[in-house]
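What's counted below: heavy atoms across the whole structure, side chains too, no hydrogens, waters or symmetry copies. Naming convention: chains lettered A, B, ... in sequence-line order (proteins, then strands); numbering from 1 in each chain.
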2 protein chains.
Amino acid sequence: MAKGRATIADIARSAGVSLSTVSRVLSGRESVIPIGPETRARVLASAAALNYRPNQAARTLASGRSQAVAVLVHDISDPYFSEIVRGIEDVASANQYMVLVCSTDRDPVREREYLLRMGSFPTDGIILAAGGFEEEAGLDEVRSLIERGVVIVGVARHGLPIPTVRISNEEGAREMAEHLLQLGHRRIAFIAGPPGLTTANDRLAGYRQALREAGLSADGLVLAGDFTREAGQRVVPHLLRSTPRVTAVFAANDKMAIGCLAGLRAAGIVVPDEVSVVGFGDVPSAQDTEPPLTTVTIPLREIGRQVMREVLQQLGGQPPSAALSAPTTLTIRRSAAPPRSGKPG
Amino acid sequence: MAKGRATIADIARSAGVSLSTVSRVLSGRESVIPIGPETRARVLASAAALNYRPNQAARTLASGRSQAVAVLVHDISDPYFSEIVRGIEDVASANQYMVLVCSTDRDPVREREYLLRMGSFPTDGIILAAGGFEEEAGLDEVRSLIERGVVIVGVARHGLPIPTVRISNEEGAREMAEHLLQLGHRRIAFIAGPPGLTTANDRLAGYRQALREAGLSADGLVLAGDFTREAGQRVVPHLLRSTPRVTAVFAANDKMAIGCLAGLRAAGIVVPDEVSVVGFGDVPSAQDTEPPLTTVTIPLREIGRQVMREVLQQLGGQPPSAALSAPTTLTIRRSAAPPRSGKPG
DNA sequence: CGCTATACGGCAAGCGTTTGCGCAGAGTGG
DNA sequence: CCACTCTGCGCAAACGCTTGCCGTATAGCG
């Protein structure tokens, strides 16, 4: 039933020119093969009259370009990733690109599956926005995709042979830890992220380094976590039991910090008076907790824009940029304060 | 440079069968034209050996099916929408569909642009997840898309000639208002959403109805808002100036409620002791505010799943479902309480 | 044994574009 | 006036797959 839409053949007929001419004026390839202004006008007029819409599938097949990029994230419903995707979409849509999202739930298997499907699906580029693991699983797929001419760019995805925008997770964590140290904290716990996830590990490394440089040991202070709110809540008893009690806790991401805040409140501990809590990421809700969360902010949207720009550039034939990077910054709110003055009594 | 990938022609040659046979076993059209088990095995083996990946662009061109759906949202970085998208993706990916996102920033013009681009881009379905306006702008585009055979389904998008999953915005708002009434509140302000947005208007209508049924007037109690956190914050002074002072505030969405909470705290007003605040939506961060927000929860992810299932069904040739709907529920947390007992001493 | 289904598979015509190549005619410099 | 270079445009071959239409065997049936 679907009414046949107009094709360039219809336009060619109606304008009295050849298919190639129509194609050339419609797809902007005029720069290489000039078209007379009057011819072009006729074509354009016919196209408009026929309400012509190019068939992107046909274009893709013929040209090898699909005007689409795929972005792999852990979970699109996580504000961390949806913010990156928004940045990507901003520059994509400004350049007539479409973006399709793939949530992998931090599962290497699902990631590989998506990568595999990308082998069929027409995309010009793939953005690996999902954090990677120490041991990358989809290496072969990535390689074969690259071989096919797909440009792949990652964010915080070292360990893969692709250009990557670097997030200063380690530096950011170090700064935050130093901030805590400067506030006077000496017993600072760290709630770690999912094991193996480089993003999480880098933050842990930054924390460790700061402690080491301050001549402190992190022994017994790093608690297992998995980036969920529940994890942050779950560790509260451990925190309380520690002796001497920790005076500050640094969560590897905001969600855990927020969970921790909730757990602490439930336990009747007041933040930051009795214990300071800081996070990493600066998700939107970090400013609405009580107290508002001190955290390290990552310019997520800008990262998205940057990575998409990079994709576009490479698609345009330019070589991969040497150093993409996004600096994190400390944002001090009210969940961290100096520890309660010294020793009891 | 891109190494040519294997095509069905290669497989046909290697397996000693015809193109059609290969196509049939690989694309599952065997049900209609049976293929011998041994032939099929040979084909499969060759495909595997050649590391074959179907070319979806070619498939789309030849078959008219693209295995992709587009979803239009106001803003993918808004948890409300990213949650819906996640639900969509869940069932899409389980059915080998890809989903591409389009953020319109609540701008009818951008929505039309995206709709227009969908005329070129190969998608089998379009989901209008972005709330609509009283006066729909993209009607022509929608119609022409439908005519081309694209299935379009909306969420809370009445006013368009498409099946839509109904969110009980009005009922939910009425319930919430009734809850406040029951708590003893009589002066309940309402922070409205963007003018013209049906989702927002429906909630306002629900609030009004509840008040009316209680014999109360809403005059002077509905404040202009736009769904942003800032809007919620901005109205605080008005709230405080009202005489007699309102004892409860109902924001048309959570973001405004949260902003309001922040504004109230800044003004030294304690919630819910001095004034109750409730929202609508139950975004994830609603549970982490202080006090945790009483709000009406919308099963966003399930809505996403439902709408995608509907798309799939229609793609399968079934008629549009008569009544898709998603019931909202009240979730009582701690931001609403009975008003301070009666009149001042 | 003849006849009709049925199982299995090939042919070839598209699907709508892009693009390398070829070819006129109009300038241009010598 | 010639050899050339641009312009401006058409031809037709892909791009990789699906699918309607036709054969063949083979089996089933009376």
Undergrad: Using a 4.0 Å heavy-atom cut-off across all strands, classify A:T60 as base, sugar-phosphate, or nothing.
TA: nothing
Undergrad: Could you tell me whether a side-chain N or O of B:S120 sits under 3.5 Å from a main-chain N or O of A:P54, the two making a donor and an acceptor?
TA: yes
Undergrad: Would you tell me whether A:T60 and A:S66 have side-chain atoms, one donor and one acceptor, within less than 3.5 Å of each other?
TA: no
Undergrad: Would you mind reading off the distance between B:R148 atom CZ and C:dC15 atom C1', rounded to a whole angstrom?
TA: 15 Å
Undergrad: Check the distance between D:dC9's P and A:R42's CZ and give it to me in whole angstrom.
TA: 8 Å
Undergrad: Do NZ/NE/NH1/NH2 and the carboxylate oxygens of A:R42 and A:E38 come within less than 4.0 Å?
TA: yes
Undergrad: Checking all strands, does B:I35 fall into the base, sugar-phosphate, or nothing category for heavy-atom contacts under 4.0 angstrom?
TA: sugar-phosphate
Undergrad: Less than 4.0 angstrom from a charged side-chain N to a carboxylate O is my criterion; do A:E134 and A:R157 meet it?
TA: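 Salt bridge absent between A:E134 and A:R157.
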Undergrad: Any salt bridge between A:R309 and A:D90, counting N to O under 4.0 Å?
TA: no
Undergrad: So that I can tick it off, tell me whether B:R86 and B:E83 are bridged by a salt bridge, with the cut-off set at under 4.0 angstrom between side-chain N and carboxylate O.
TA: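 Looking at B:R86 together with B:E83, the answer is no, because their closest N to O distance does not fall below 4.0 Å.
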Undergrad: I need the CZ-C1' distance between B:R65 and D:dT18, as an integer number of Å.
TA: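 B:R65 atom CZ is separated from D:dT18 atom C1' by 13 Å.
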Undergrad: Looking at B:E302 and B:R305, is any side-chain nitrogen of the basic one under 4.0 Å from a carboxylate oxygen of the acidic one?
TA: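 The answer is yes: the pair qualifies as a salt bridge.
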Undergrad: Consider the side chain of B:N55, meaning its heavy atoms from C-beta on, and name the nucleotide among C:dC8, C:dC21, D:dC17 that approaches it most closely.
TA: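 Per side-chain heavy atoms of B:N55, the pick is D:dC17.
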Undergrad: To the nearest Å, give me how far apart CZ (A:R59) and P (D:dC17) are.
TA: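 These atoms are roughly 22 Å apart.
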Undergrad: List the steps, then state whether side-chain contact (heavy atoms from CB on, under 4.5 Å) holds for B:L19 with B:T21.
TA: CA-CA 5 Å; B:L19 288 188; B:T21 301; over 6 Å; no
Undergrad: Reckon B:S23 touches a base, only the sugar-phosphate, or nothing at all at heavy-atom distances under 4.0 Å?
TA: base
Undergrad: Can you figure out which of C:dT17, D:dG16, C:dC21 approaches the side chain of B:A62 most closely?
TA: D:dG16
Undergrad: Tell me the interatomic distance from B:L61, atom CG, to C:dA13, atom P, rounded to whole angstroms.
TA: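 Distance, rounded to whole Å: 17 Å.
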Undergrad: Going by modelled atom types, is there a donor-acceptor pair between the base of C:dG10 and the side chain of B:R24 at under 3.5 Å?
TA: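 Pair found.
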Undergrad: Output the rounded distance in Å from CD (A:Q56) to P (C:dT18).
TA: 9 Å
Undergrad: Determine the sole option in A:I127, A:V311, A:V155 for which the side-chain contact (heavy atoms from CB on, under 4.5 Å) test with A:I88 is passed.
TA: A:I127
Undergrad: Is there a residue in residues 9-22 of chain B whose heavy atoms reach under 4.0 Å of DNA chain D, and which residues are they?
TA: B:S20
Undergrad: Five pairs per end, C1' atoms only: what is the angle between the end axes of the helix from C:dC1-D:dG30 to C:dG30-D:dC1, to 10 degrees?
TA: 30°
Undergrad: Within this structure, what is the CD-to-C1' distance between A:E38 and D:dC9, rounded to whole angstrom?
TA: 12 Å
Undergrad: When the distance from CZ of B:R40 to P of C:dG9 is rounded to whole Å, what number comes out?
TA: 11 Å
